[in-house]
Structures are given as C-alpha cells and as structure tokens.
Amino acid sequence: MFAIERINILKSYLRERGKLDVHSMSEMLSVSEVTVRRDLEKLEAEGFLTRLHGGAIIKGAEDSTPATGKDPDGAKEEADREEIARVAYLMVRNGDVLMLTNGPIVLRLARKLSGRAGVTVLTNDIQVALEVAGQAGNRAVLLGGSPDPESRALFGSLAQANVQTFFVNKIFVEADGISEQLQLTVSSQEKAALIKEALACAEDKIILCEAARFSRSAFYRLGPLSLARKVVTNTSLPAAYKARIFEMDIQLFTSVNAFEGGD
Amino acid sequence: MGPPLIELRSVGKFFSDDFSLRDISMELLSGEVHVLIGQNGSGKTALMNAVCGIFRRDRGEILLDGREIDFGSVNEARGAGIVMQYQNPHLFDNLSVAENVFFRRIPRRARSIGRALDRYKLHEDCETLFSRFGIGISPETLVSQLGYTQRLVVSAAQTCIAEAKVIVFDEPTAGMTDPEREILFKIVREIRDRGVGVFYISHKLDEIGRIGDRVTVLNGGKVSASLPDGTVGREELIRMMTGGTCAERYPKLRVDYGPPILSVEHLRSGRVLEDVSFTLRKGEILGITGLMGSGRTRLANCLFGQTKPSGGSILVEGRQADFGHPSDALGRGVALIPEDRDTNAAFHNQDILQNISVAALERFRGPYGLDRRYMEELTDEYIASFGILPGHPGDIMRGYSGGNQQKVVVARWFMSLCKIFIMDEPTRGIDAAARIDIYNAMNDLVTKGASIILISSDLEEILGMCDRVLVLAGGRIACDLPRAQATSERILDYASN
C-alpha cells in the first residue's frame, strides 16, 4: 500500500473516532508499528493530531472526550445494550431454567423472554422478576435479601444462601467493567459476592458486557474472564481483545446484526 | 542408506501467536523418502520453506552434509542442491511440455550460431523420459492446453531431472486420480533410488505405506512423532495429528432447523465429483470438508452455476435449479463467497461503498437512477454492524487488511439478501478478530432463517461451527456426521481413506 493511502485511512479513522492506537492500526493496515508511528509523526507535524503513548488523538480533543460518531453517548449505549440482549435472547431455549443477575442489559433480555415459553427465571433484580412474572408461560423466582434502592435488586447473605439451593442450566451475568487484564469487575462488593455464589450453581456461564466497558474497571473484582465459557459483547470491541479472548478458548459472541433477509 | 543428508536441530520460526514452528528436529538420509504428515496449518509447508530458503529460521540449525546452511533465496538453495516442488505447478503456459520439463537443461545444437535450441533432441529426450514413467502426454503439447492434474505430472517430471541432493514434494498427489498417482510414485522411487533424499508432504495416510521409509507427524508447529514406516497404525497416526484441537472456543448459536431448502441428488462433474447427494435445511450450517483436490471447490462452483455439472440435479426450495450462470443462482438466492478472495471477489481499486453494494444495486434503483443516499446509508449500517475498520465508505479496498477485506466481501452477499450462503474457506489466512466477526455473522444469518454451506479444511472450525459435517473423498460423500458424532479423528479417517 502507498503511504498516502495509509495516511488517508489514518485520517479518516481519526475523524470518525477521535483517537487511535498504534498496535491495532498496525494490525489493521498490515504494516509494522514503526510505520504507523512514522505516519503519526507526519500527521502531527501537519497539526492534524497529537501523539500520545501508544497512540494518538485528533487535534483539539485533548480536553474533551473523543466524539463517538453521530449518536450522542446515551443513545449509543442504549443501542449497544439492546444488541447484546438480542444475542443473549437467541441463546435461550424454550424450557430453560435461567439465573439473571441484576443489570440494564439483563432487564432488556428479560423483556424479550416473552418470545419463549416454559422459561423459569431466577433473579435478584426486582424489575426482572416483575417483567417475567407478567409473561404468560414463563415463571419468575425472586431471591430474598436486602434491597438496594439504586439498582432495585436484592443482595446480602440471605440472597447468597438462597442462590445455593438452586441449579440452573444458564446464567447471564452483566459485568460492569472488564479490565485490560481481562478481569471481571462489578460496582459493589455485595454484587460480587452474589455473582460468585450464583456462578457455582450454573452449568452454562455467560457474561454480558458492552464493548465500551472493556478497559474500564468497576471497583470490585469478580475474577478472571475465564470464569465464564461465553461472552456476549458488541462488534465494535477492539481486535486485540477479540483475538485474546479467542486464544483463551472462550466463545465470543458479538452483536453482528446486518442480515435483512430471512423471515 | 548413508549418513544424514540433512539434519534439523531445534529449528524455530515465529509467524504469529496462532502459528509458529517450534523446536523441530529431524533428519533425512540420502536415498530415503521421509513423509511429513499433519493437518492444515500444522507447519509442514512452512518447515520445508525454511529448508528451501523461502524464509530464514529464527533459531536452530539446519545442516546439509554436515555443514550449516542458511539460504537467503530459493535459487541459493537450488544451487546447493535443494529443490522444492510446489503444490501449485509453476509452468510456462505458452511453452510446450518438453520445453517446460527441460527448461533448465535445454539441449543446444553443438555448433550452430547462437546455440539454437535443438528441438528435435528436446522432444526425443522428453519422449524417453515420459515413456519410462508411462506418462501419456505428447511433448509438443502447449502447457496451456493441459488440465490441472496433467500439469502436476509435468511439473513432477521437471523436478525429476533436476540435479539435486534433496527434493521436497509438497502434496504432489493432491487432486490426482489413481493412474496419475502411480506415475508420481514411480517418479519418486526413481529419484530415491538415485540416492537423492526426498521430503514428501502428504495428507493421505495410505501414501506413507506406499512410498515412505519414515514418517514424521507435525501438530501445531511441533513434531509429535518421528517413526520408521510401518511401526504405527493408522488410528495412532490420526490421534497424533489431531491431539489438542480446540473446537470449544467457537461462538456457536443453536438454531432449530426448518425444512430442506437445498437438495443435491447424484451430482456429477467431470472426474472430480462422482456422485454427490445431500440436503441442506433452513437455518442449518452444513460443513463440507475433505482433502485438497477432493472436489470441495468444484462442488461450490456447481451449486453456484459457475461450472455446469455433467449429471444429477440440484433443487432449491423443491424447484429444479439448473443454473447456467452465477446470476441465475443469485436470482434464486444462492450466494458464493469464493475461496480466493483476491482474484474472485475483491475489487481492489474500488472503494468500500462499491465493494459492498455491487451485488445489491437492484435494491437502490430509483426513479432517477441509483438512489445514492440510500446506498450510502445502508452501507454505513453494514460497516458498523460488521465492525469493518477503518470503515469509511470512500476508502479504497486495496488498503485494507485481509480480515477487513473478507468482511467487506461477506457484507456484500448479506446486502444482496440471499438465502443460501456457500462459504468456501471464508476464514483462511485472516486474523483471529476478523474470524470471530465472520462466525458471528454466520450466526446472524442462521438465526434469521438463512442457511450456510461452510466449506473448510480447518477441522476445528468445522467442528466448532457446523450442525452437520459431510466429508468429501474420491468425488463422493464419504460420511454425513451430526455435530454430536463429529470428531477430528473420524473426519480425518474418512477423508484420507
């Protein structure tokens, strides 16, 4: 490829996303990292970008968060969650016994379950329980415990003890963050403790997490990603994560939703 | 047999995290045929490339006649007496068979001006050589008129007369029928009897017993065993070839199938497909695998109307589908993602917008020509959904990585709204991240009621993604295994029978 083509690609990528990292650019363009860095240097000299350690950001974006395309952040987040819930729903079969730990993606999944029959849902999320209880043909079981007003879910020793008495064939856990070392994290200690108990009581362990929450850490560590056999996230997850998760022998489901044919 | 002709000591070469050669030691004696077997991607060809100067090793030693060698090019290796016969014959189409065979040793008229070509002697020499092996090709024929397997034979004959100490054959019989294989074995035996050492890469287990003096099994870039011929059985060899495969990491979504959507009955094509019958159901991912030359790609071409079958029938949704041209196939909702993206699918000098939308232009027909706006918006949506990077519609295809180009090609057929997707080696040579995107795109298709025929030589991928696996061998379906019964051992056993 000619240098000029490469530079145009880097520019349009930057305009689109606001930032880039050298490693994934070198993979994407099939050139060495040093080539990418040389290009970035040129572009910096042109005043197009500012180089950072391992990457670059578009000029003028230093003090604000990079633009994420046309959608405002909130709408993008909602759309990402909806897509993950859609794929998670495709994993649920009629007659499944599910454990759903609390979270916004899981709530969306629960709403979709009206399309399945004979599903039993065990949950600590009050809204999830109400949602499923209202679906003809499905059944909800709410764990006991102490309510947390913010997440509208139940936690604590009673919830943990409750969970141990069940065995479910699938568990969907929503992670609040996945660190660069691929450690699962959640926002509270009670949540971490409950999820640990719940994971032990399930056959098929599935983690749900938006691509935007990778490289971010919530406060409480749950354990390595390899606690689960499957992860569902968005297609926009950076290539390096995709490759690493595949290497770890974990099934990575991304929310490709392009086909318009079929029924 | 004499002292080691070639000795490899802990040879290593790093390619990627997925694939590298690790700590390989082996030897080759003069006058022996050393067979290398292993699955696709086990490192057989890569190892031989390191011996033949195509690339340099990172570590370890290679000794030729006791002296360390480190060739920077194929010609250097050839000069030292190491010759490689490649999988795809490299011949000159516009020269005759004899001229190709004797290309490096053209007989010249002794005392003529400019040392003119002695055509008479050339044809005579070639005739003599061919009759020794029972090759029934006329030396005067132009190579452009030969079929693929005849080219393989010519190429082997060319290798045979090379002055060499070591000759490497890379799957020389792939795609050959039995009589041609016999010719090849004769050639290899003659080379061996001259005292040349032969490395012989093969996928066919029966060839070990017929031609090999020794066999080395490669698995994941390492030697899993090196043994004199005849000391281990077929099952043991298969076990050594497949140990450690990992089909668990494939994102497979279970889907309930619908009724049959494609039925193939007694399909025949030339000498490649003898009798192929199967059905594909709605929502199913049907895997088809087999060795090189087993007819996988021919089958795909027949289904897509690119090759006219010589017999049998194809039914799409119960109706006869005699496709005379790929456009007929597309009209009935059958798409092919071909094996060779570079020559058959990618428009390298066009932009991403054109590459994605080219098969769906009908959808953008408006009152005043193409509805560009709709075309651009829809393309943007596809780019985002497939995670195509950098993903600007105006980017030129040529600048994209292999994985992203492949996603562009897959997106193109999604946009054309087909129902049956034939994917021929869709993930070969692309990075892990793009593979994951393509597997998830396959899930997207089947959950929405489309069906997929996945043709692949990557057994892990076949086992990981398919609901059912067909093994092609000798132009027929050797077995039809449901997901639960399919194992790499079984597949290899049927494929190499």
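Of the inter-residue distances, the one linking A/Phe253 atom CZ with B/Leu253 atom CG reads 5.0 Å to the nearest 0.5 angstrom. The structure places CD1 of B/Ile436 at 7.0 Å from CD1 of A/Ile245, a figure rounded to the nearest 0.5 Å. Residue A/Met91 holds its CE atom at 11.5 Å from OG1 of B/Thr447, rounded to the nearest 0.5 Å. Rounding to the nearest 0.5 angstrom, the gap separating the NZ atom in A/Lys242 from the CG atom in B/Asn440 is 8.5 Å. Expressed to the nearest 0.5 Å, how far CG of A/Asn94 lies from CG of B/Asp256 amounts to 8.0 Å.
Neither the backbone nor the side chain of A/Glu83 comes within less than 4.5 Å of any heavy atom in chain B. Both the backbone and the side chain of A/Leu252 come within contact range of chain B, judged by heavy atoms closer than 4.5 Å. Of the atoms belonging to A/Asn8, not a single heavy atom falls under 4.5 Å from chain B. Contacts of A/Arg244 with chain B are absent, with no heavy-atom separation under 4.5 Å from either backbone or side chain. Only the side chain of B/Asn443 comes within contact range of chain A, with heavy atoms under 4.5 Å apart. Heavy atoms closer than 4.5 Å to chain B are found in both the backbone and the side chain of A/Thr254.
With respect to chain B, the highest number of heavy-atom pairs below 4.5 Å among A/Ala240, A/Ser12, A/Ala243 belongs to A/Ser12. Each of B/Met415, B/Lys252, B/Glu381 has some count of heavy-atom pairs under 4.5 Å with chain A, and the biggest count is that of B/Lys252. With chain B as the partner, the residue from A/Met248, A/Lys230, A/Arg93 showing the most heavy-atom pairs under 4.5 Å is A/Arg93. For the set B/Asp395, B/Leu417, B/Val255, the count of heavy-atom pairs under 4.5 angstrom toward chain A peaks at B/Leu417. Most heavy-atom pairs under 4.5 Å with chain A: of the set B/Trp413, B/Tyr382, B/Phe386, B/Tyr439, this distinction falls to B/Tyr382. Ranking B/Asn404, B/Leu378, B/Ile396 against chain A, the residue ahead of the rest is B/Leu378, based on heavy-atom pairs under 4.5 Å. Heavy-atom pairs under 4.5 Å with chain A peak, among B/Ala384, B/Ala433, B/Gly387, B/Ser385, at B/Ser385.
Residues B/Pro390 and A/Met28 have side chains in contact (heavy-atom distance under 4.5 Å, counting atoms from C-beta outward).
Put simply, the residue from B/Lys419, B/Lys448, B/Arg363 that forms a salt bridge (Lys or Arg N to Asp or Glu O under 4.0 Å) with A/Glu260 is B/Arg363.
Taking the six-membered ring where the residue is Trp, A/Phe259 and B/Phe421 present perpendicular rings, their angle passing 60° and hence far from 30°.
Closest heavy-atom contact between B/Asp437 and A/Val256: O-CG2, 3.9 Å.
Annotation for A/Lys112: atom NZ counts as buried by contact number, over 12 foreign heavy atoms lying within 6.0 Å.
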